[in-house]
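What follows is a short report on a single structure.
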Amino acid sequence: MTVDCKLGNILLYPDDHAARHPELYFRAAPGAVSVDGPSAGLTARGRVDFLTYLNALSACKWRAYAGIETAWLHAEVSGSGSIEVLGVEQGSDVPKVVDVVEVDTAAGAVRRLEIEVVCAPFDLVGFALVPKSGATMGLVRAWWHATVERDRVNTPRLALVTTTFCKESYVTENIERVRRAIREEGDPVEANFHMFVVDNGRTLDAAALSDDMVTVLPNRNVGGAGGFARGMLAATEEPGAFTHVLVMDDDVRIIPESLIRTYALLMLARGVYRTAFVNGAMLALEDPTRLYEDVSYVLRSGMYRRVKEDLDVGELAGIVRCERTSVEVPRAYGAWWYSCIPVEVIRDRGLPMPFFIRCDDVEFGVRNDPTFMTMIGIGVWHEGFEGRFRASVDCYQYVRNFLATMAMDGCASDVMFIARLRRTIRQDLRDLDYRSAELLLDGVEDYLKGPDYLRDLDGAALLAQLGARNERMEAVTDLDPMLLRDAGVTQEVLGCTGLLPRPSHPLMRLWRTVPYDKHYLPPSLLKKKPGYVVKHGHTVLEGDSTGCATLVVLDPTRTRGVIRHMDRARFRAIRTRERMLLRRYRVERGRVRRAWKEARPYLTSREFWIRYLGL
């Protein structure tokens with residue numbers, strides 16, 4: 001016996017913040033299309049192409065994950081013209097017309113069409129409305145679906161877990177968007193869905209926001225890791241209540257259709273994909289067609305690398321590349337802005353590590369070594385990371401937590417990581433960034449304290465203490481204009497928006513690898529004028545600090561900056577501490593690594609988290 005399963009809806013109404021980028025939804029000439037509202041349908045006065053990021057059918061992914069060879073387009077249309085079925089063949093970037101269905105309805109009448117699409121030769125399929133000359137066509141609603149054998153259909157029960165700390169506007173809006181979308185969709189999704197909102201700040205009105213679909217859980221501030229652990233505990237408290245937990249950041253704008261498509265994937269996945277993680281893409285909130293990341297992996301050096309980097313999914317070429325790029329790579333992890341995890345994995349392999357923030361998703365990923373599924377149209381819009389560097393988080397938390405991750409999971413080379421750490425400290429000192437160098441060393445020192453230190457740590461208090469040491473950048477307009485001019489910070493420098501390092505001469509690149517430092521030079525050999533650098537995290541995008549005792553440092557947005565001055569005493573103290581601490585690390589490395597590995601089963605257990613959260 002066969003059953004009909006929806007694969008995804010056709011989205012006709014652009015999200016308000018993406019209103020200037022309708023190409024995510026459809027492509028049409030100016031004035032050729034109008035949409036009157038979320039439920040009012042679409043009117044086409046010229047050709048409207050739906051082979052887009054949010055509306056194309058990923059034939060290659062459905063074929064791989066679920067064995068779908070034939071799909072159907074359900075379309076409710078009116079007017080006079082035709083529907084062109086489009087396909088992008090394997091190995092091609094150019095769509096071809098696969099089929100043409102004529103439409104000619106009486107005024108006010110709506111025709112319901114079921115158009116069969118053989119997916120086998122194609123990576124992507126889509127369709128276009130083509131009104132006759134002088135006529136219009138209307139599209140009331142449409143969706144992709146497939147017919148499958150009943151015994152192939154899974155019955156997922158999905159718990160969405162989001163955790164928040166004093167970001168009420170984001171969270172309440174997402175609650176309403178999710179609630180509305182799930183209720184409009186109806187069963188089977190509505191009958192098998194619940195949303196848990198973990199309120200680490202205890203600022204939400206739990207009683208007012210909770211109902212039969214949403215539960216708000218007040219929680220103490222235990223960071224993202226603790227918030228997600230609390231939600232996972234709630235979702236797994238009753239055995240069999242849920243099959244999957246979908247963790248999602250609070251500072252995102254969800255694409256609600258992602259939940260319907262995720263449910264469809266879970267319902268139809270077969271083989272190894274039945275136990276796969278589903279990871280949603282991060283689209284940039286400030287640049288809605290930029291796909292920043294969906295799955296990443298850990299390099300042997302301990303650096304993170306995105307499988308896909310900065311794709312323009314407003315263009316067909318970016319969509320095709322997105323779907324053809326395999327995310328099944330070694331040492332992979334999915335960031336927790338949108339990651340769907342089977343409950344059996346949580347039950348068998350444990351909850352997150354109590355890292356507070358940073359590396360909780362990385363450690364969970366490399367610990368479980370999952371197969372990942374991704375698909376166009378599944379994801380969130382998230383604020384970009386440009387200009388958000390905080391040494392308390394990006395230096396201390398990263399180094400401490402990644403060293404623990406490396407000890408427990410062996411996901412990187414200890415030798416390579418320490419070499420890169422030393423190089424980063426050296427670069428920070430060259431850029432007079434003493435705070436970052438000190439916080440990197442603090443991370444190493446606290447890692448060496450072992451898991452007992454983390455077990456009883458007040459992460460919120462520590463983060464506040466370390467956060468007070470972060471460098472405070474000012475608006476560039478508030479910095480000394482004469483000093484900026486002398487440093488070479490021109491309007492051209494401030495107007496650049498690139499995030500890739502500017503090419504430099506090979507000799508300069510070689511010079512920067514030499515283990516010199518200007519702090520050893522006498523004042524007479526230092527430059528009289530200040531210099532400048534533009535930095536994105538630890539990466540220098542532009543400028544040069546060589547020989548400069550005074551330095552203007554700009555963040556990657558080039559709207560904020562800070563002026564640093566050489567401090568020889570602080571430099572000597574950092575170098576001395578670095579040598580002593582890394583010598584201690586070499587001596588204690590084996591013992592500390594074993595301690596972390598032995599402690600993980602308890603630190604990721606229900607017993608630990610129930611005690612730690614005070615439940």
Side-chain angles (χ1 to χ4, degrees), residues 1-13 25-26 33 35 38-44 47-52 54-63 65-89 95-132 135-153 184-190 257 260-261 263-265 267-268 375-377:
M1 181 181 293
T2 61
V3 293
D4 188 71
C5 298
K6 182 185 284 187
L7 306 180
N9 294 294
I10 302 301
L11 303 181
L12 303 180
Y13 189 73
Y25 301 79
F26 47 74
V33 62
V35 184
S39 59
L42 174 148
T43 301
R47 191 176 192 276
V48 183
D49 182 354
F50 292 90
L51 188 65
T52 60
L54 290 174
N55 284 325
L57 183 73
S58 182
C60 58
K61 293 289 184 68
W62 279 112
R63 189 163 54 246
Y65 299 155
I68 302 294
E69 298 289 348
T70 300
W72 296 80
L73 173 66
H74 172 93
E76 300 177 14
V77 295
S78 62
S80 182
S82 62
I83 294 180
E84 292 181 350
V85 179
L86 308 172
V88 179
E89 291 182 313
K96 63 182 290 187
V97 177
V98 178
D99 193 9
V100 178
V101 178
E102 299 295 333
V103 176
D104 193 2
T105 66
V110 174
R111 182 181 174 190
R112 290 173 173 79
L113 298 173
E114 295 290 346
I115 303 173
E116 184 179 12
V117 182
V118 177
C119 298
F122 304 107
D123 285 340
L124 292 175
V125 295
F127 69 99
L129 298 183
V130 187
K132 288 183 179 178
T136 64
M137 290 184 69
L139 181 61
V140 179
R141 65 183 63 86
W143 60 80
W144 297 104
H145 62 105
T147 301
V148 298
E149 295 295 327
R150 181 181 292 277
D151 60 6
R152 278 189 47 199
V153 178
E184 288 176 358
E185 181 64 23
D187 291 340
V189 183
E190 185 177 8
E257 174 66 18
I260 285 89
R261 297 181 187 182
Y263 189 88
L265 266 181
M267 186 169 57
L268 296 175
M375 187 174 286
I376 55 172

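Counting from 1, the numbers follow the sequence of the chain as shown. Bear in mind that the values here come from a model prediction, so they are computed numbers and not experimental data.
- How far CD of E257 is from CG of N9: 4.5 Å, rounded to the nearest 0.5 Å.
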Per-pair distances, 0.1 Å, donor-acceptor, side chain in residues 117-125, under 3.5 Å, sequence neighbours excluded:
from	atom 1	to	atom 2	distance (Å)
D123	OD2	R324	NE	2.6
D123	OD2	R324	NH2	3.3

Stepwise side chain to side chain contact (heavy atoms under 4.5 Å, CB included) check, L42 with Y13: CA-CA 8 Å; L42 174 148; Y13 189 73; over 6 Å; no

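- Here the CG-CG distance, from L57 to L51, works out to 10.0 Å after rounding to the nearest 0.5 Å.
- Each of L11, L12, V35, L54 was scored for a side chain to side chain contact (heavy atoms under 4.5 Å, CB included) with F26, with one residue passing: V35.
- Sequence neighbours left out, the pairs with a member in residues 78-87 that pass side-chain hydrogen bond (donor to acceptor under 3.5 Å, both in side chains) are R47-E84.
- By the ring-ring contact (aromatic ring centres under 6.0 Å, His included) test, Y25 pairs with no residue at all, sequence neighbours left out.
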Derivation and outcome, side chain to side chain contact (heavy atoms under 4.5 Å, CB included), residues V148 and T2: CA-CA 5 Å; V148 298; T2 61; over 6 Å; no

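- Atom CZ of F50 sits about 5.0 Å away from atom CG of L129, to the nearest 0.5 Å.
- Under the ring-ring contact (aromatic ring centres under 6.0 Å, His included) criterion, Y263 pairs with no residue, sequence neighbours left out.
- Although no hydrogens or angles enter the test, the distance criterion places a donor-acceptor pair under 3.5 Å between the side chain of T105 and the main chain of G79.
- Among all heavy-atom pairs drawn from L268 and C5, the shortest one is CD2-SG, 3.9 Å.
- For the atom pair K6 NZ and R261 CZ, the distance stands at 10.5 Å (nearest 0.5 Å).
- When all heavy atoms of V103 and R111 are compared, the closest pair comes out as CA-NH1, 4.0 Å.
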Side chain to side chain contact (heavy atoms under 4.5 Å, CB included) between I10 and W144, intermediate numbers included: CA-CA 8 Å; I10 302 301; W144 297 104; 3.3 Å; yes

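- Remark: I83 CD1 to L139 CG distance equals 7.0 Å, nearest 0.5 Å.
- The shortest distance between side-chain heavy atoms of W62 and L265 falls below 4.5 Å.
- Scanning all heavy atoms of the two residues, the minimum distance from D99 to I115 falls at OD2-CG2, 4.4 Å.
- Take E184 and apply the salt bridge (Lys or Arg N to Asp or Glu O under 4.0 Å) test, not counting sequence neighbours, and it matches no residue.
- Between V97 and L86, some side-chain heavy-atom pair lies under the 4.5 Å cut-off.
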Output a table of donor-acceptor pairs, distance under 3.5 Å, between side-chain atoms of residues 66-76 and any protein atom two or more places apart or on a different chain; print 'none' if there are none.
from	atom 1	to	atom 2	distance (Å)
H74	ND1	E114	OE2	2.6
H74	NE2	E76	OE2	2.9
E76	OE1	R141	NH1	2.5

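- Across all their heavy atoms, I376 and A56 have their closest contact at CD1-O, 3.8 Å.
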